[in-house]
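Just below is one structure, and these are the notes that go with it.
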Amino acid sequence: MTDDANAARAPSGTHDVLWPESTRWETLLALFAAQVERAGYGLAHTPIFEEVKVFRRGIGTGSDVVGKEMYEFEDRGGRMLALRPEGTAPLVRAFVQHRPALPWKAWYATPAFRYERPQAGRYRQHHQLGVEALGPADPDLDVEVVSLADGALRSVGLTDIVLKLNSMGDALCRPAYVERLRAYLAERRDALCDEHAQRLESNPLRVLDCKRPQCRQATDAAPRLVEVLCDPCAAHFARVRRGLEALGVPYRLDHRLVRGFDYYSRTTFEFASGALDAAQNGVGGGGRYDGLVEMLGGPPTPGIGFGIGIERLLLACDAEQVFAVDPPRLDAFVVDVTGGDVARDVTWRLRQAGLRADRAFDGRSMKSQLKAADRSGAAVALLVGPQEVSTRTVIVKPLRGGGDQRPVPVAEVVEAVRAARPTAGGPEGPPPTRRDVP
RNA sequence: GUGGCCGUAGCUCAGUUGGUCAGAGCGCCGGGAUGUGGCCCCGGAGGUCGCGGGUUCGAACCCCGUCGGUCACCCCA
């Protein structure tokens, strides 16, 4: 990029998604929507910003996301607001506010904002696809949600992904475990990295997912939460595991999986792409949050959900060389060298008939217009010169594949173009061509 | 927030130890007799070398600052 110093540009950490890349996004959204709606989830839109307390109470002030990464601001009325850093808390807030009938299953596609230093796969505005299911404490709901996330990732062709699974216990068994872990680690404080020696008191769980070798060593033999779950949590977790196995969803138990938000309880999970060697290889994650609704002022209501990062999912697709999506092509491109009346009328007519049609502007030469027709990817070019005008015809010239050009009466143009279309779609036009999408 | 690397035409990049160093490929625009794209040929537009300051007789090349990008840490999608 060699912009002038004063040329406008997207803010640091944000990015534009322009055509044709945007067709991948569209296709992804459509695939995702089809899968989760098939499972009874309905689309929910909530505001892009919320009162700060929605996130503070739900995610927890101890997390980095809330502590130092939120886009907070005070509006003109003195309200403290924040751009959403994730998707769960806003949806739970909406639940608390509207109290829809249970079970309530919703999905969303939304931007999320975090003030972090940008790097590969990490943006200040990124986008997430996700679902939330409120009401049932049933472990089969966990199975449903995890398998939906797994299915969403696999539906775009990803295969090199690992599902990591853990249980964080509940308010009964976790506190006891945390104390035990703290005591265990306290004896080995010197073996920990500086940072976690510090954080030992405030949040010993986080030491478990430290990547530094010394911390890994110190925690290898540490007591594991899954081994000391209370009976109900253990039974829940066992049922979840059995369900995933029954559905053929492969997973790997990971006792170090301690997700960053305070609201998680019991089942937590994360998907990592093996194709991404960057530090940001997590393409999605989620978990159960049985206390969150109460934290936001609602009645005790269990819940579980997941979020998938769109940018990271697409990066993983690039790395695995899957989910290449062809942008939709035009059915016809009108080339008119007689002043444009025919281009104007014929193009309009084709569009009215549900066909994809475009044309050249500014009265360019035939060569120029044909080049544009070629670049557009249109199936046929419709040529109009003085002779065609006088005979009220249009030359239909195939641009792709074989076939000779032939004159067609203007009155029959729509049918001629429809017949020349590469795909036999409905009157609304062909669907986007998808490659590598099962 | 901390650190490493980078910043030359729309894109990908060349630019020797500072002195025709402002270039190439692709893309874009135009042309290749008599209305017809893709291949090929010819021509053209387009950059105050991110920005500001400094060193020097002279800087795209050196120094400082700044902005942006990128990678890593932290954390996460």
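Lettering follows sequence order; numbering is per chain, from 1.
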Spacing between A:L399 atom CG and B:C39 atom P, to the nearest angstrom: 14 Å
Could you work out which one of B:G1, B:G35, B:U36 sits closest to the side chain of A:Y115? B:G1
Does a side-chain N or O from A:Q119 land closer than 4.0 Å to OP1 or OP2 of B:A72, or not? yes
Regarding A:D170 and A:H236, do their side chains bring together a donor and an acceptor under 3.5 Å, going by distance alone? no
Regarding A:E311 and A:H15, is there a side-chain donor-to-acceptor distance under 3.5 Å anywhere? yes
For a quick check of understanding: with a heavy-atom distance under 4.0 Å over all strands, which category does A:V389 fall into, base, sugar-phosphate or nothing? nothing
Please tell me if A:S12 has a side-chain N or O lying less than 4.0 Å from either OP1 or OP2 of B:C67. no
Whether the A:Q128 and A:T110 side chains hold a donor-acceptor pair (N or O, under 3.5 Å, no angle test) is what I'd like checked. no
Taking for A:P398 and for A:R312 the nucleotide of RNA chain B with the nearest heavy atom, the one nearer the 5' end belongs to A:P398
Does the structure show a Watson-Crick or G-U wobble partner for B:G37, both distances under 3.5 Å? Name it, or say none. none
Could you work out which one of B:U36, B:G37, B:A77 sits closest to the side chain of A:L383? B:U36
As its Watson-Crick or G-U partner within any shown strand, both distances under 3.5 Å, B:U16 has none
Between A:Y115 and A:Y71, what is the ring plane arrangement, given parallel below 30°, perpendicular above 60°, and tilted in between? perpendicular
Nucleotide nearest A:R117 (side chain, heavy atoms from C-beta), chosen from B:C73, B:C75, B:G32: B:C73
Between B:C75, B:U70, B:U36, spot the one nearest the side chain of A:Q280, thanks. B:C75
B:C51 - base-pair partner by Watson-Crick or wobble geometry, distances under 3.5 Å: B:G65
Kindly confirm whether the side-chain ring of A:H126 is stacked on the base of B:A77, judged by centres under 5.5 Å and planes under 30°. yes
I want to confirm an ordering. Mapping A:E86 and A:D374 to their closest nucleotides on RNA chain B, which one lands closer to the 5' end? A:D374
A:S365 has its side chain closest, among B:U36, B:G31, B:C74, to B:G31
B:G43 and B:G23: how far apart are their P atoms, nearest whole angstrom? 16 Å
Across every strand shown, the nucleotide meeting Watson-Crick or G-U wobble geometry with B:A59 (both distances under 3.5 Å) is none
Can you tell me if A:Y289 and A:E132 form a side-chain donor-acceptor pair at under 3.5 Å? yes
Side chain of A:R364 (C-beta onward), nearest among B:G37, B:G35, B:G30: B:G30
With the side chain defined as heavy atoms from C-beta on, A:M366 is closest, among B:G35, B:C75, B:C71, to B:G35
Heavy-atom donor-acceptor pair, A:E270 side-chain to B:A77 base, under 3.5 Å: no
Rounded off to whole Å, could you give me the CD-to-P distance for the A:Q369 and B:G37 pair? 12 Å
A:R375 side chain near B:C29 phosphate (N/O to OP1/OP2, under 4.0 Å): yes
Separation of B:C51 atom C1' from A:R9 atom CZ, nearest Å, is 11 Å
Please pick, from B:U36, B:A77, B:C75, the nucleotide with the shortest atom-to-atom distance to any side-chain atom of A:R206. B:C75
Are the charged groups of A:R256 and A:D220 less than 4.0 angstrom apart, N to O? yes
Would you measure the distance from the C1' atom in B:A14 across to the matching atom in B:G7 and give it in whole Å? 16 Å
Nucleotide nearest A:A120 when distance is taken to its side chain, options B:G35, B:C71, B:G30: B:C71
